[in-house]
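Taking it in order: structure first as structure tokens, then the write-up.
Every chain is numbered from 1, with letters handed out A, B, ... down the list of sequences.
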Amino acid sequence: MEKILTDRMRINIGPQHPSTHGVMRMIVDLDGETVENVETVIGYLHRGMEKMAETSTYIQYLPIVDRIDYLSGFFCSYAYVNGIELLMDIEISEKSKYIRTITMELNRMASHLLWLGCFMMDLGASSPFFYTFIEREKILDIFENLTGNRMMYNYYTFGGVKRDIDKENLYAIKKFSDEFVFALKDLEELINYNPIFISRTKNLGILEKECAYAYSITGVNLRASGIKKDLRKDKPYLIYENIEFNVPISENKDVQARYILRIKELKESNKIVQQCIDWLLTNLNNKNIITDVKPLTLKPEGIAISEVESSRGLMQCIIYADGTLNPYRIKWRTPSFYNVQIINEISKGYLLSDLIAIFGSLDIIMPEVDR
Amino acid sequence: MIKIREVDLFENLKRKFDIRIENCPRMFLDKGNELNSVQKDMKCIVKREYSAFDEHLTDDTELKCDTELNHIKPDIYLLRVKKEDIRQILRYLKNSEEYFFERLDCMVCCDRKKDLEIMYLLQSDKYNVKCGIRVEIDKKENQIATVSDIFSNANLEEREIYDLFGIKFINHPDLKRIFMPEDFVGHPLRKDFIIQRLN
Amino acid sequence: MKIIMSSIEKLYKWSRLNSLWPLTYATSCCGIEMMSVSASNYDIARFGSEVFRGSPRQADLLIVAGTLTLKMSPILLRLYEQMAEPKYVIAMGACACSGGMYRNSSYSVVKGVDTIIPVDIYLPMCPPKPESLIDALIKLRKKLNDKNPGGRFV
Amino acid sequence: MYLFQEILLKYNFSDWFIFIAGLVFYFILITIFIIITVLILVLFERKYLAMFTRRIGPNRTGIRGCLQTIADSFKLLFKENIKPANAEQFLYFISPLIVFIPVILLWLIIPFTSESANYQSQISSFLFLAVLSIPVFGVLTAGCSSMSKYSILGGIRSCIQIISSEIPVSLVLVSVVIFTGTLDLNNIINFQSGIFLNWNIFPNILGFVIFFICSLIMMNRTPFDFPESESELVAGYHCEYSGMKFAMLFLAEYALTFVICTYMTALFMGGYNSPVGFYLADLFNLNNGFDYILKNIEQLFWISIKTFLLIMLIMWIRASYPRFRFDKTLELCWYILIPLAVFNLCVEIFIKYLRGIL
């Protein structure tokens with residue numbers, strides 16, 4: 001039966017839409033219900049982060065760095081701070097390394113939990129959204145009494161960490177990570193073997209290896225296509241060498257694979273957090289969390305490329321420093337900027353509701369795309 | 001963990017193709033102090049990689065470029081390349097298997113007052129090595145050939161550089177502004193762009 | 001006649017107070033805080049406004065959560081015009097109130113939402129904690145209670 | 001209704017006037033009854049869903065939030081009704097009415113108490129299905145007349161969905177009718193009187209399951225709520241409506257849920273006869289008119305309890321399941337439900353035959 005020719009309908013899933021996380025406009029050419037072409041219009045949240053770097057000194061730029069990816073603020077500040085430390089050859093102490101790792105892993109869990117809630121809301125199930133947010137609130141409470149703010153931490157400085165983790169915080173984290181295992185199990189039972197969920201996400205939005213390489217996709221979307229690439233394993237920074245964790249990989253490159261991988265990553269991060277707690281609990285007494293660097297009169301010189309495996313992929317902060325007080329140029333390589341480009345490739349031929357599911361599974365948030 | 005320091009990887013490349021070495025301008029040369037503890041073991045890893053490079057050197061393609069050695073950390077190599085043959089070098093680096101840089105991480109553009117400079121950061125998973133190719137474009141005729149057909153993620157990247165710096169890319173599929181509204185005048189990230197400061 | 005009119009007015013005010021249906025308009029970080037307000041811990045459903053309406057036609061409370069950029073301002077204006085008449089605006093977050101930290105160091109951020117649409121409640125802090133958003137909602141309810149129901153209270 | 005007409009007889013109006021007055025009075029009575037139940041239903045749903053997700057539902061308005069939906073409806077009443085410029089005015093205005101009026105008619109057909117039997121039509125179960133398909137036109141015109149792409153898609157989706165789910169429903173209805181032998185709802189209910197064992201649900205369990213799934217599709221409830229699936233087509237066919245018209249559409253949807261549930265209880269779970277066979281009212285057997293009313297009230301009580309059980313089940317499903325894909329629903333309807341319904345028909349005939357022999 002040859003295809004019935006229906007006229008194309010151009011629908012734009014506008015900037016203000018419940019399922020585009022943030023503000024992004026997708027101009028979709030629909031043939032009946034199947035998607036023909038998706039053109040993404042971005043730039044609705046461009047705040048000019050890179051220009052601000054040129055007008056502010058190194059220490060002034062530190063609080064702004066959290067806003068680049070507000071779901072994983074610690075990763076951005078680590079990328080920036082590590083870049084400066086590379087340029088100035090500052091050596092950070094063992095304890096601050098552990099504190100940085102534990103906060104980053106908790107932040108990764110919080111960002112994956114929020115993604116899980118919004119992804120299920122896109123598919124239509126409203127209750128997982130609330131369960132994931134209950135868990136996320138616990139992590140945010142821990143961050144609040146550790147760094148003072150729920151989402152914008154400004155906790156790292158050049159050469160270490162601003163405040164020390166005291167006993168209550170550590171026990172709070174320990175309690176959370178023990179309970180989290182059971183909470184995640186309940187969530188999985190609700191979602192994993194749900195026939196409707198499986199039929200909605202099975203072999204949908206296939207991302208081939210060549211396409212992933214061509215668009216330099218990084219993070220979970222890449223690992224869902226079978227390529228084992230995780231910065232924490234390839235170039236172990238901080239203390240990832242002496243922490244044993246494995247990087248989950250799946251071969252069937254579809255939306256469900258990305259979902260499963262993110263759930264596994266949640267478990268892995270939980271394991272890392274537990275190992276960090278044990279180390280931190282043993283040496284509570286050593287207090288040197290910051291090396292004395294005069295941040296106000298910092299004058300580094302040279303080019304530094306500092307990388308970090310953020311919750312969405314490889315995040316790079318490229319700093320051109322020319323020995324004056326202000327950075328000459330800072331370029332942020334954010335993973336979502338590249339994940340956005342493949343929507344057109346992988347969502348051809350699927351239905352409109354699948355397009356929403358595919359877009360949700362890529363875990364894209366707009367401040368990273370627009371900087 | 002990667003810092004720009006000095007190592008000469010392309011030594012054997014220099015013997016194969018007549019490559020001229022140019023010194024990088026004073027401003028960006030990094031202080032070459034000796035490696036601290038963390039980077040020492042990095043050095044040995046790179047030593048092993050060199051051997052991988054030696055056997056694969058084939059001289060089929062005629063590579064005419066004055067790659068300029070910069071003092072770079074073991075993991076990353078900075079080459080300064082002329083503007084005309086950027087496409088040829090990138091295609092060569094991507095497809096030849098002795099380098100196999102198959103991923104363009106990002107394109108960093110920087111306004112160095114006397115000229116604009118784009119750095120293509122390439123990454124090869126096979127040899128776990130990064131390489132940055134730097135190209136200078138003078139401000140008057142700011143044009144360069146597009147790379148979006150070799151690396152498809154350069155499409156949006158080049159549109160961003162056009163939007164923020166004003167560099168036109170020849171035969172780029174659709175060169176439009178992405179970040180700023182269409183009727184915005186000027187290119188914000190240029191050094192001579194002044195933000196209207198509120199009093 | 002007077003008694004009937006005043007009682008209807010009271011009823012109108014009371015009904016407007018208790019069912020403020022917000023519009024899902026979340027640009028940046030404050031949008032995440034708005035989502036966590038509608039989640040279980042800080043429950044906005046208690047005030048009868050957990051129904052996040054997608055289309056501006058049915059919503060009557062526009063919480064401008066997050067930074068407003070030049071490119072987004074015409075869209076926000078159109079959204080505001082599409083909403084039905086008794087509508088209220090909460091400018092949530094420092095970026096919406098006055099441009100926040102991007103006020104004089106960014107070329108593409110609108111310096112405050114009130115340059116575009118009339119705002120009823122300003123909510124500073126970046127990002128405002130969920131408790132402060134609920135406090136803003138309570139202040140809005142008080143404001144609606146004693147103002148004249150029909151007129152636009154700019 | 002007859003009580004009202006007897007009162008009118010005393011003031012010797014002309015009889016056609018009495019007839020119309022009776023109908024109008026009954027119509028108003030039913031609409032008030034609908035509005036009250038829908039308000040309770042909306043509030044119940046928000047509280048019930050809140051319980052699922054560990055939060056407290058609306059509890060600021062009235063005592064523990066009981067006046068919340070009343071506040072919502074009044075606010076919608078006073079809202080400015082916007083006429084979108086490029087929408088066709090007449091269709092845009094009429095469609096909420098087309099959706100709402102049939103729902104009220106549906107309530108007239110449902111036998112709430114045995115007293116309502118004597119003025120019901122003989123083919124009430126079939127009439128119910130016929131009237132049930134009228135709101136489809138309202139939904140379609142609402143979607144297409146408001147000229148926004150989202151509502152067009154929503155409108156088309158919902159009318160395809162309801163049409164494709166009506167076929168299995170009618171097949172299942174045929175199987176029930178064959179089993180009970182009458183088309184009239186009251187007789188079906190009387191057929192199921194006695195201990196709850198001889199309800200229709202037990203011999204016809206497959207029919208009940210098919211009917212339940214198709215009613216989910218007809219009511220646009222999750223997991224089949226395509227027309228107003230907020231994550232895709234922002235608000236489906238009622239995307240352009242605000243104020244009073246939106247309230248009418250919203251009200252119609254919830255009234256439809258309640259009515260289809262009562263219809264299901266009437267067909268399968270023995271409408272108003274109590275599960276234990278005898279009525280509490282019989283104990284008093286005081287033979288003046290008073291026990292008659294008591295019996296009616298108790299019957300009303302039973303049918304509402306069963307309906308609320310079904311509604312709680314529907315809302316429970318709403319809380320736990322994601323949304324189906326649209327073409328998969330149609331596949332479900334055409335390839336799975338209809339053959340199953342035919343198979344169920346044969347099973348019913350066979351059971352009827354068996355019951356005939358014993």
Side-chain angles (χ1 to χ4, degrees), chain A residues 39-46 48 50-52 54-55 82-83 85-87 89 91 210-218 227-229 231 234-238 300-308 314 316 318 320-323 328-329 331-334 337-338 340-342 345 369-371, chain B residues 1-5 24 27-31 33 35-39 42 45 70-73 75-76 78 102-112 117 119 121 123 125 128 130 132 150-157 160 163-164 174 176-181 188-191 193 195 197:
Chain A
E39 193 216 336
T40 58
V41 180
I42 55 175
Y44 290 102
L45 197 58
H46 177 63
E50 283 149 7
K51 185 74 180 178
M52 287 170 73
E54 279 143 24
T55 54
N82 179 34
E85 277 156 10
L86 267 174
L87 280 178
D89 272 347
E91 187 48 45
E210 303 76 26
C211 179
Y213 272 137
Y215 281 93
S216 86
I217 307 290
T218 52
I227 303 159
K228 185 175 178 61
K229 189 110 188 52
L231 203 68
D234 308 346
K235 293 191 186 58
Y237 51 97
L238 280 179
E301 197 203 356
I303 307 173
I305 301 175
S306 82
E307 294 176 320
V308 78
L314 171 74
Q316 278 179 347
I318 296 137
Y320 284 68
D322 60 353
Y328 191 77
R329 165 92 163 91
K331 157 87 179 165
W332 289 92
R333 190 259 182 212
T334 51
F337 185 68
Y338 298 94
V340 162
Q341 296 170 15
I342 53 169
E345 250 66 22
V369 176
D370 300 344
R371 283 185 294 278
Chain B
M1 80 293 315
I2 298 137
K3 193 155 137 311
I4 311 304
R5 298 234 28 277
C24 158
M27 192 170 75
F28 283 134
L29 194 63
D30 203 311
K31 294 198 306 302
N33 50 20
L35 311 167
N36 49 30
S37 66
V38 170
Q39 277 80 15
M42 284 293 198
I45 298 168
N70 193 325
H71 289 278
I72 22 172
K73 200 63 193 153
D75 274 359
I76 183 157
L78 274 184
E102 82 283 359
R103 264 155 51 104
L104 173 71
D105 264 353
C106 69
M107 286 162 62
V108 186
C109 184
C110 168
D111 175 3
R112 299 199 317 199
E117 184 222 50
M119 177 154 89
L121 267 175
Q123 185 182 358
D125 293 349
N128 208 344
K130 273 194 178 10
I150 307 167
F151 296 100
S152 31
N153 75 335
N155 186 338
L156 218 53
E157 191 79 48
E160 178 199 348
D163 187 357
L164 299 180
D174 59 345
K176 293 202 297 291
R177 284 183 179 271
I178 37 171
F179 285 151
M180 306 309 293
L189 268 182
R190 284 269 182 101
K191 287 296 177 198
F193 182 85
I195 305 166
R197 282 218 177 276

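Contact tally against chain A (heavy-atom pairs below 4.5 Å) for B/Leu189, B/Asn153, B/Leu156, B/Asn155: the top residue is B/Asn153. The choice from A/Cys211, A/Ser216, A/Gly83 that makes the most heavy-atom pairs within less than 4.5 Å of chain B is A/Ser216. Looking only at heavy-atom pairs under 4.5 Å with chain A, the residue among B/Pro181, B/Ala154, B/Pro188, B/Ser152 that has the most is B/Ser152.
Of the inter-residue distances, the one linking B/Ile178 atom CD1 with A/Ile42 atom CD1 reads 4.5 Å to the nearest 0.5 angstrom. Put simply, CG on B/Asp111 and CD on B/Glu117 are 10.5 Å apart, with the number rounded to the nearest 0.5 Å.
For a residue to count as touching a neighbouring chain, one of its non-hydrogen atoms must lie under 4.5 Å from one of that chain's; by this rule A/Ile318 touches chain B with the side chain only. The contact between B/Asp105 and chain A is made by backbone and side chain atoms together, counting heavy-atom distances below 4.5 Å. B/Met180 touches chain A through its side chain: at least one heavy atom from C-beta onward sits under 4.5 Å away, while N, CA, C and O do not. Using a 4.5 Å cut-off between heavy atoms, A/Phe337 touches chain B through backbone and side chain atoms alike. Only the side chain of A/Leu314 has a heavy atom closer than 4.5 Å to any heavy atom of chain B. When heavy atoms are compared at a cutoff of 4.5 Å, B/Leu164 approaches chain A solely by way of its side chain, counted from C-beta outward. Residue A/Tyr338 touches chain B through its side chain alone, counting heavy-atom pairs closer than 4.5 Å. With a threshold of 4.5 angstrom between heavy atoms, A/Lys331 approaches chain B through side-chain atoms but not through N, CA, C or O. Looking at A/Val41, neither its backbone nor its side chain comes within 4.5 Å of chain B, counting heavy atoms on both sides.
Of the charged side-chain nitrogens involved, none lies within less than 4.0 Å of a carboxylate oxygen, so that B/Glu157 and A/Arg333 do not count as a salt-bridged pair. Note on B/Lys191 versus A/Glu54: salt bridge recorded, some NZ/NE/NH1/NH2 to OD/OE distance being below 4.0 Å.
The shortest side-chain heavy-atom distance between B/Leu121 and B/Leu104 does not fall under the 4.5 Å cut-off. A/Thr218 has its side chain out of reach of A/Lys229: every pair of non-hydrogen atoms, C-beta onward, lies at least 4.5 Å apart. The shortest side-chain heavy-atom distance between B/Phe179 and B/Glu160 falls under the 4.5 Å cut-off. Looking only at side-chain heavy atoms (C-beta outward), A/Glu50 and A/Arg329 come within less than 4.5 Å of each other.
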